[in-house]
S.K.: 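Just passing along the structure, written as structure tokens.
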Amino acid sequence: MPFDAGSPPLVVTLAWRNLWRHARRTLMILFAFALGVWSMVVIAAISRGSMEQQLDKAILTLTGHIQLHAPGYRDDPAIEYRLAPPDALLRAALAGREVSAWASRVRVPAVIASERESAGVTLVGIDPAGERGLSFIPAAVTAGRYLESPDDQGLVLGRKLAERLETGLGRRVVLMSQDVNNQLGDRGFRVVGLFDTQPRQAEEAYVFIGRATAQQMLKLNDAVTEIAVMIRDRDRPEATLDRLRAAAPGLDIEPWTVIEPLLVLTQKITDVILIIWYAIVFAAMSFGLINTLLMAVFERTREFGLFQALGMPPRHILGQVLVESLILLLLALLLGNLAAWATIASLKGGIDLSAVAEGMELVGIAPVIYPAWAPADMLAANALVFVLGIAASLYPAWRAARHVPVEAITRV
Amino acid sequence: MTEHTVILRNVSKVYHQNTLAVQALTDINLDIPKKELACLSGPSGSGKSTLLNLIGGLDKPTSGEITVDGQRVDLLGKAELAALRLHKIGFVFQAYNLIPVLTARENIEFVMQLQGISAAERRARAMDILKEVDLTGLEDRRPGELSGGQQQRVAVARAIVSEPSLVLADEPTANLDSKTAQALMELLVHMNQEHNVTFLFSTHDRLVMDFSRRLIKLHDGRIVDDQRRT
């Protein structure tokens with residue numbers, strides 16, 4: 001169509017006015033589409049938020065972003081697979097700008113016993129200060145106190161385990177584990193702190209003591225079983241891994257994606273579920289769009305014939321129907337995204353699912369979900385609706401353009 | 001030598017309805033000179049509208065040659081036909097066929113906009129022709145807000161505003177009362193004289209025949225009479 005700066009292109013004028021010829025119908029399809037876009041973006045934000053929370057929680061539950069072990073430890077986390085404390089070279093690598101926190105730990109299987117009950121647990125000897133920003137434990141102590149130093153003589157256990165052992169703050173418990181000489185090392189501890197955390201299974205799984213105390217109890221001298229590292233960009237561990245592997249070539253150094261493959265699988269499942277959701281919503285929307293456009297085309301058969309009789313090339317008729325669809329899609333995307341943004345902003349305080357928390361916890365979902373605005377998901381939803389929407393409009397547009405003028409004009 | 005706007009040679013048209021073949025036009029030969037004001041008449045089904053549609057390139061003949069302003073219409077493709085209609089042929093339909101979402105002025109500008117004429121020139125020409133068809137003041141009304149006679153005058157203005165070689169008018173007065181029909185025919189005769197446009201009508205209306213300078217009678221798809229009137 002010839003360019004004319006004095007007025008909008010003819011197809012745009014016609015498309016815009018035709019859309020509002022049946023304002024109610026246009027508004028209905030517009031809101032249906034906006035609702036679809038809204039649901040895509042909001043559900044993606046909720047799913048992504050929930051997934052991120054699960055990931056963060058799992059990473060804070062003693063996983064970290066990168067772990068360093070003696071070879072064999074990951075298959076059999078026993079004291080035989082210990083490692084020397086980091087040497088100067090490894091310390092220099094751990095002091096890199098991309099590392100936000102790191103600490104060495106003693107982490108071995110153990111048995112804890114109160115005067116009434118006993119339970120199998122994982123004994124974790126920690127440097128209390130080093131765990132800040134690395135694991136959940138510094139912030140999880142809700143009764144008593146957190147450990148004060150690596151040679152703290154106290155013990156911190158989960159509230160759920162305390163209930164199971166029928167013990168509590170100030171009471172004594174006994175820890176037993178195999179030492180480096182394959183002898184059973186045991187020692188009594190006073191419970192100085194109780195921690196609460198999600199998932200609640202972690203409350204039963206871990207018992208924390210000072211790292212030096214654990215080394216002494218297990219005759220480890222200064223050896224440890226694990227070094228955990230937190231980096232600034234969770235999804236880009238490669239550079240740090242390369243540096244650490246170069247500094248400690250004999251160690252087994254792996255990122256969280258290798259240590260916790262289930263988390264990666266959960267992430268992938270979330271992506272697949274979102275794609276399926278997008279496909280379902282779009283399929284429903286596209287039927288509405290095709291139906292609306294086809295109705296509009298059939299109603300205007302005579303008009304399209306007239307356009308051709310007056311000399312409008314068929315490609316401009318095709319363009320007119322596509323521009324109608326384009327305007328409809330752009331308005332729906334604008335409306336849907338604005339509504340989604342408003343919804344996500346209003347849910348900033350989280351979606352409280354505590355009424356069904358226990359069930360949710362079993363599948364690893366936190367009782368309060370914080371939707372996460374994910375630009376990539378939003379972009380994907382918008383691109384899908386836009387591209388497939390235009391593709392779905394091609395058939396009605398083609399139908400409009402292929403009318404033979406005389407048949408169209410004489411049709412009553 | 002007389003210049004012809006329309007030349008038809010041995011034109012036939014057969015429609016196929018399921019297994020039935022309907023002979024709409026048989027062996028039509030016709031010459032319409034420039035500036036002619038001619039009228040096709042005949043009973044319903046005699047082939048008047050079919051003939052207009054073939055001349056206007058809205059439909060294809062089964063056989064024969066059709067030439068409009070020097071171009072063989074029967075040989076043109078879709079895009080070339082669209083260009084021919086855009087630049088050389090104006091249409092006036094029985095049912096007015098204005099574009100409902102455009103105002104009277106925009107309807108008149110429609111063809112000029114397709115031709116790429118600037119907005120300022122379009123507007124000036126549309127306003128001039130609106131004055132000529134006595135619709136000044138109604139330019140911003142949409143078709144639904146105009147009477148039948150007013151709509152048909154807008155259709156006439158649209159058909160001739162870009163000064164085509166030929167205007168084809170299919171039953172232009174069929175939906176009008178006699179007074180409005182008389183005014184419309186006076187307008188068309190005026191346009192024929194002032195703008196040097198060739199007019200070809202199809203009609204049942206005695207009034208249209210009375211205004212025409214040439215009467216071509218069709219019956220069962222054949223020309224049975226062709227008279228020049230004084």
Side-chain angles (χ1 to χ4, degrees), chain A residues 1-23 25-26 296-321 323-324 327-328 398-412, chain B residues 13 15 24 49-50 52-54 56-60 77-103 105-123 142-144 155 158-159 161-162 164 168 170:
Chain A
M1 183 150 301
F3 175 73
D4 177 3
S7 57
L10 188 59
V11 287
V12 177
T13 308
L14 287 169
W16 176 255
R17 291 192 191 170
N18 276 313
L19 271 178
W20 302 111
R21 209 159 158 181
H22 297 283
R25 188 168 72 196
T26 300
V297 164
F298 287 140
E299 278 170 6
R300 280 152 45 206
T301 297
R302 195 184 176 92
E303 220 168 285
F304 291 129
L306 172 69
F307 290 164
Q308 290 195 49
L310 295 177
M312 184 183 256
R315 69 177 189 281
H316 288 175
I317 293 170
L318 186 102
Q320 190 194 319
V321 178
V323 170
E324 276 179 46
I327 294 171
L328 203 62
W398 173 78
R399 286 290 300 256
R402 69 185 280 272
H403 286 305
V404 179
V406 69
E407 285 172 8
I409 285 180
T410 51
R411 192 160 148 174
V412 179
Chain B
K13 176 71 184 175
Y15 288 112
S49 295
T50 302
L52 280 192
N53 290 337
L54 292 179
L58 299 177
D59 206 354
K60 290 268 182 189
K78 261 190 165 185
E80 291 161 316
L81 278 174
L84 176 84
R85 290 193 292 265
L86 178 61
H87 295 283
K88 296 194 170 169
I89 304 174
F91 288 94
V92 178
F93 301 95
Q94 176 183 342
Y96 324 134
N97 280 349
L98 297 179
I99 300 159
V101 293
L102 300 181
T103 64
R105 180 176 57 77
E106 288 168 337
N107 263 284
I108 293 167
E109 286 187 30
F110 183 90
V111 173
M112 290 189 283
Q113 196 161 1
L114 287 175
Q115 288 174 336
I117 294 169
S118 74
E121 191 185 341
R122 282 199 319 259
R123 193 180 181 97
R142 290 200 181 179
R158 180 180 66 188
V161 71
S162 56
L168 301 171
D170 190 7

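In what follows, chains are A, B, ... by sequence order, proteins preceding strands, each numbered from 1. Worth saying up front: this structure is predicted, and the values here are computed from it rather than measured.
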S.K.: Is there side-chain contact between Phe91(B) and Leu306(A), with at least one heavy-atom pair below 4.5 Å?
M.R.: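 Phe91(B) vs Leu306(A): side chains apart.
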S.K.: Give, as side chain, backbone, both or neither, the part of Arg123(B) having an atom under 4.5 angstrom from any heavy atom of chain A.
M.R.: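 Neither part.
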S.K.: Could you tell me which portion of Glu106(B) (side chain, backbone, both or neither) has an atom closer than 4.5 angstrom to a non-hydrogen atom of chain A?
M.R.: side chain
S.K.: Please flag which part of Ile89(B) lies under 4.5 Å from any non-hydrogen atom of chain A: side chain, backbone, both or neither.
M.R.: neither
S.K.: Can you name the closest pair of heavy atoms from Pro313(A) and Ala82(B) and give their distance?
M.R.: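 Answer, listing the atom of Pro313(A) first, then Ala82(B): CA-CB, 4.3 Å.
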S.K.: When rounded to the nearest 0.5 angstrom, what distance separates CG in Leu10(A) from CE in Met112(B)?
M.R.: 12.0 Å
S.K.: Search all heavy atoms of Ala309(A) against all heavy atoms of Leu58(B) and return the closest pair with its distance.
M.R.: CB-CD2, 3.5 Å
S.K.: Check for a donor-acceptor pair, side chain of Arg85(B) on one end and backbone N or O of Gln308(A) on the other, with a separation under 3.5 Å.
M.R.: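 Flag set: sc Arg85(B) to bb Gln308(A) pair under 3.5 Å.
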S.K.: Flag the pair Leu310(A) / Arg158(B) as yes when at least one side-chain heavy-atom distance between them is below 4.5 Å, and no otherwise.
M.R.: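 In short, these two side chains touch, coming nearer than 4.5 Å.
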S.K.: Can you see which heavy atom on Lys78(B) is nearest to which on Pro314(A), and at what distance?
M.R.: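 Answer, listing the atom of Lys78(B) first, then Pro314(A): CD-CG, 4.4 Å.
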S.K.: Hey, what do you get for CD1 (Ile99(B)) to CE (Met312(A)), rounding to the nearest 0.5 Å?
M.R.: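 These two atoms lie 7.0 Å from each other.
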S.K.: If every non-hydrogen atom of Thr103(B) is compared with every non-hydrogen atom of Arg17(A), which pair is closest and at what distance?
M.R.: N-NH1, 4.3 Å
S.K.: Determine the option with the most heavy-atom pairs under 4.5 angstrom with chain A, choosing from Leu86(B), Asp170(B), Val111(B), Val101(B).
M.R.: Val101(B)
